[in-house]
Amino acid sequence: MYECITCYCGIKYITQMIWLISRWEEERYTDGSKWKFLEHKGPVFAPPYEPLPSNVKFYYDGKHMKLSPEAEEVATFFAKMLDHEYTTKDIFRKNFFKDWRKEMNAEEKAKLTDLKKCNFTEMSEYFKAQSEARKAMTKDEKLKIKEENERLLQEYGFCIMDNHRERIANFRIEPPGLFRGRGDHPKMGMLKRRIRPKDIIINCSKDSKHPEPPPGTKWKEVRHDNKVTWLVSWTENIQGSIKYIMLNPSSRIKGEKDWQKYETARRLKKCVDRIRTQYHEDWKSKEMRIRQRAVALYFIDKLALRAGNEKEEGETADTVGCCSLRVEHIKLYPENDGQEYVVEFDFLGKDSIRYYNKVPVEKRVFKNLQLFMENKEPDDDLFDRLNTSVLNKHLQELMDGLTAKVFRTYNASITLQQQLKQLTSADENLPAKILSYNRANRAVAILCNHQRAPPKTFEKSMQNLQTKIDAKRDQLSDAKRELKSAKADTKCCLPGQPCSPVITLCKKAVQRIEEQLMKLEVQATDREENKQIALGTSKLNYLDPRISVAWCKKWGIPVEKIYNKTQREKFAWAIDMADEDFEF
DNA sequence: GTGCAGACTTAGAAGCTGGACG
DNA sequence: CGTCCAGCTTCTAAGTCTGCAC
């Protein structure tokens with residue numbers, strides 16, 4: 001018996017033949033519909049607020065004060081974050097206090113006027129104790145919770161879309177709390193409201209069994225829009241944007257889209273030379289807007305910058321992408337460290353991650369940049385005649401489906417392919433090949449500027465690893481010594497004659513330890529090189545998985561070595577279809 | 001063109017867990 | 001058998017891009 005591998009329906013089949021036509025080859029809709037049938041159970045709401053036990057006290061100006069449940073709940077959000085840097089930031093505190101006051105009753109409002117006089121430490125201690133208690137639970141208790149989670153997952157975590165039972169990505173509604181923006185976000189600390197059934201729009205097919213709202217409540221709306229893929233939506237109160245519940249990356253609908261994305265990038269591969277020639281030409285255009293477009297496109301292509309949409313000032317952190325670069329974000333050096341025409345980039349990109357890079361550029365680009373910056377203030381737009389919509393309209397004319405982000409996908413994937421070719425050598429063993437893979441992955445992560453905060457435990461874990469390596473070295477020299485003495489003892493290990501069993505054993509031991517040592521050393525190198533670089537984002541979003549699958553097949557590397565279970569599920573389509581000669 | 005809503009992808013951090021290790 | 005931490009999972013913010021109204 002074979003269980004269905006194309007979704008989570010659990011149907012058992014007698015033969016595997018059924019998958020000769022895999023789900024990736026099922027017929028696709030041509031009219032813009034995303035599905036014909038959609039049935040699900042709706043979202044899981046955040047658990048209701050549980051008031052604190054009466055012995056956990058809040059103090060204002062040193063004096064105990066009993067808070068109303070509404071005010072108390074918001075206070076606990078702050079208390080839970082007390083150890084976080086956020087709560088020391090002025091904007092966070094100001095926003096929090098303003099929103100907290102809105103939840104207070106008249107009496108509280110009159111009394112609580114200064115956040116500095118609020119003492120949340122007992123609350124904070126209480127939550128810490130709770131989390132300790134959770135950790136200290138018995139196996140049985142933990143198992144119970146696990147089973148309950150599993151039950152919830154089985155009931156709410158799946159939907160039926162067309163003929164498949166699909167996993168839902170985020171079936172739980174975001175619980176209320178304090179907004180944590182990234183970087184210098186002007187709204188950090190604001191209260192994220194609790195979402196109620198009357199905020200929720202349900203999307204499902206007419207002929208499905210509609211999800212029921214909790215007893216005594218109503219949905220905002222139930223609609224049947226098969227031109228979109230979401231199951232549930234609501235409007236969030238911080239930015240007023242819409243949030244969605246959608247399917248897991250393993251689903252047909254996400255997988256097909258992902259596949260399509262890489263196919264678009266492969267089409268770019270076929271015409272990228274032509275496009276490059278054209279923008280080189282356009283640097284000479286007599287129209288300023290065309291020159292700006294051409295220089296911006298050059299950056300997007302060469303440096304894998306994001307498009308850079310305009311953002312509403314004061315609503316979000318001040319971050320930029322290519323089209324929204326300002327004069328203050330670049331510096332020009334006619335000559336720098338022996339190189340000519342160097343541009344220094346220094347700006348905050350998505351998630352307020354700093355992009356810093358010094359790159360030599362063509363003379364024409366350099367001269368154009370000088371021209372664009374003439375008579376401008378530091379906070380003026382570098383490309384004042386350009387925005388993402390103009391740029392994307394132009395790209396659309398160059399190739400069907402071409403937008404700025406396709407360049408990132410294309411350059412990431414082509415870099416991986418080329419790096420793998422360059423770095424993999426046939427005579428290396430498995431750990432070394434995997435190191436090569438990670439290095440190729442790393443080259444892409446650096447190109448895309450995927451950074452992470454160095455893990456808090458980095459230094460320590462590096463030290464631990466070094467200790468292990470030292471121990472392994474000692475072990476190796478011991479093993480070698482033993483081998484030597486074994487040889488001396490038996491004397492005869494003549495050519496052509498089998499060694500004594502003792503010697504064979506010793507030799508095997510040495511070999512095994514050498515391999516273990518090698519593995520540890522490789523691990524140390526890998527980790528050191530990875531200190532501030534995040535590989536996950538590029539692996540998940542930019543690298544055509546078929547390149548990796550082909551590489552694995554070519555070198556006989558089990559795909560599990562580079563993709564964990566979740567990743568294999570997401571990339572099932574690629575694992576299904578790529579053979580070792582796949583070329584991006 | 002511009003502004004905005006909407007839908008969807010991309011992103012790093014936080015939280016959790018299971019397997020290695022003493 | 002308990003501890004610890006790396007790797008995985010979850011979370012949700014922050015982008016991109018399209019389409020529509022004016």
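Remember, predicted model here, so these are calculated numbers, not experimental data. Chain naming here is simple, since letters A, B, ... match the order of the sequence lines and numbering starts at 1 in each.
No engagement by A:P249 is indicated, since no non-hydrogen atom pair under 4.0 Å with the nucleic acid exists. Residue A:S233 is out of contact with every strand shown, counting any heavy-atom pair closer than 4.0 Å. Within 4.0 Å (heavy atoms only), A:F179 reaches sugar-phosphate atoms of the nucleic acid but no base atom. As judged by a 4.0 angstrom heavy-atom cut-off over every strand, A:T319 is placed among residues touching the sugar-phosphate backbone only. A:K187 comes within 4.0 angstrom of nothing in the nucleic acid, heavy atoms only. Within the 4.0 angstrom heavy-atom criterion, only backbone atoms of the sugar-phosphate kind lie near A:G308; the bases stay farther away. Note on A:K135: nothing from the nucleic acid sits closer than 4.0 angstrom, heavy atoms only.
Rounded to whole Å, atom P of C:dG2 lies 10 Å from atom NZ of A:K142. Between A:R408 atom CZ and C:dG15 atom P there is a gap of 12 Å when expressed in whole angstrom units. We find that NZ of A:K570 is positioned 9 Å from P of B:dT9, with the value rounded to whole Å. Across the protein-nucleic acid pair, A:L348 atom CG and C:dA14 atom P stand 13 Å apart, rounded to whole Å. Note: CD1 (A:I168) to P (B:dC8) measures 15 Å, nearest angstrom. Going from atom NZ of A:K539 over to atom C1' of B:dT10 covers 17 Å, rounded to whole Å. In this structure, A:I242 places its CD1 atom 11 Å from C1' of B:dC8, rounding to the nearest Å. In this structure, A:K257 places its NZ atom 16 Å from P of C:dT16, rounding to the nearest Å.
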Handout entry: Nucleic acid footprint by protein, nucleotides 12-20 of chain B - heavy-atom cut-off 4.0 Å, B for base, S for sugar-phosphate alone
Key = BSS---S--
Handout entry: Sugar-phosphate or base contact per nucleotide [nucleotides 5-10 of chain C; S, B, -; heavy atom under 4.0 Å]
Key = SS-SS-
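Comparing A:P175 and A:N392 along DNA chain C, the residue whose closest nucleotide (by nearest heavy atom) sits nearer the 5' end is A:P175. Toward the 5′ end of DNA chain B lies the nearest nucleotide of A:E312, the other residue of the pair A:E312 and A:T229 mapping further downstream. When each of A:A317 and A:A169 is assigned the nucleotide of DNA chain C with its nearest heavy atom, A:A169 is the one assigned upstream, toward the 5' end.
In this model, the phosphate group of B:dT9 is not approached by any side-chain N or O of A:Y542 to a distance below 4.0 Å at OP1 or OP2. Dashed line: the shortest gap from a side-chain N or O of A:K254 to OP1 or OP2 of B:dT9 is under 4.0 Å. Taking only side-chain nitrogens and oxygens, A:K311 comes nearer than 4.0 Å to OP1 or OP2 of C:dG15. Of the side-chain N and O atoms in A:N309, none sit less than 4.0 angstrom from OP1 or OP2 of C:dG15. Distances shown here put a side-chain N or O of A:Q239 below 4.0 Å from the OP1 or OP2 atom of C:dA14.
Between A:K565 and A:E569 there is a salt bridge, since at least one side-chain N of the basic residue sits less than 4.0 Å from a carboxylate O of the acidic one. At a threshold of 4.0 Å, the pair A:K311-A:E315 does not count as salt-bridged, since none of the basic side-chain nitrogens sits closer than that to a carboxylate oxygen. A salt bridge links A:R546 with A:E263: the closest approach of a Lys/Arg side-chain nitrogen to an acidic carboxylate oxygen falls below 4.0 angstrom. Residues A:R151 and A:E155 are paired through a salt bridge, judged by an N-O separation under 4.0 Å between the basic side chain and the carboxylate. Checked for salt-bridge contact, A:D258 and A:K261 meet the test: a charged N lies under 4.0 Å from a carboxylate O. Ion pairing between A:D544 and A:K269 fails under the 4.0 Å rule for side-chain N and carboxylate O.
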Completion exercise
Parsed dot-bracket for DNA chain C after applying the Watson-Crick and G-U rules with both distances under 3.5 Å and | for other-strand partners is ||||||||||||||||||||||
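No side-chain heavy atom of A:F77 sits under 4.5 Å from any side-chain heavy atom of A:K192.
Nearest nucleotide to the A:K405 side chain, out of B:dC8, C:dT12, C:dT16: C:dT16. When distances run from any side-chain atom of A:H185 to the nucleotides C:dA14, C:dT12, B:dC8, the shortest one goes to C:dA14. When each of B:dT10, C:dA13, C:dT18 is scored by its nearest atom to the side-chain atoms of A:K243, the top-ranked nucleotide is C:dA13.
Side chain of A:R291 to main chain of A:S285: a donor-acceptor pair is present (N/O by atom type, distance under 3.5 Å, no hydrogens or angles). Side-chain N or O atoms of A:E166 include none that pairs as donor or acceptor with a backbone N or O of A:N248 at under 3.5 Å. The closest donor-acceptor contact from the side chain of A:D162 to the backbone of A:K36 lies under 3.5 Å. With hydrogens and angles disregarded, a donor-acceptor distance shorter than 3.5 Å links the side chain of A:W35 to the backbone of A:V228.
In the displayed structure, A:D184 atom CG is contacted under 6.0 Å by at most 12 heavy atoms of other residues, nucleotides or ligands. Around the NZ atom of A:K393, the shell of radius 6.0 Å holds no more than 12 heavy atoms that belong to other residues, nucleotides or ligands.
Atom CG of A:N438 sits about 6.5 Å away from atom NZ of A:K539, to the nearest 0.5 Å.
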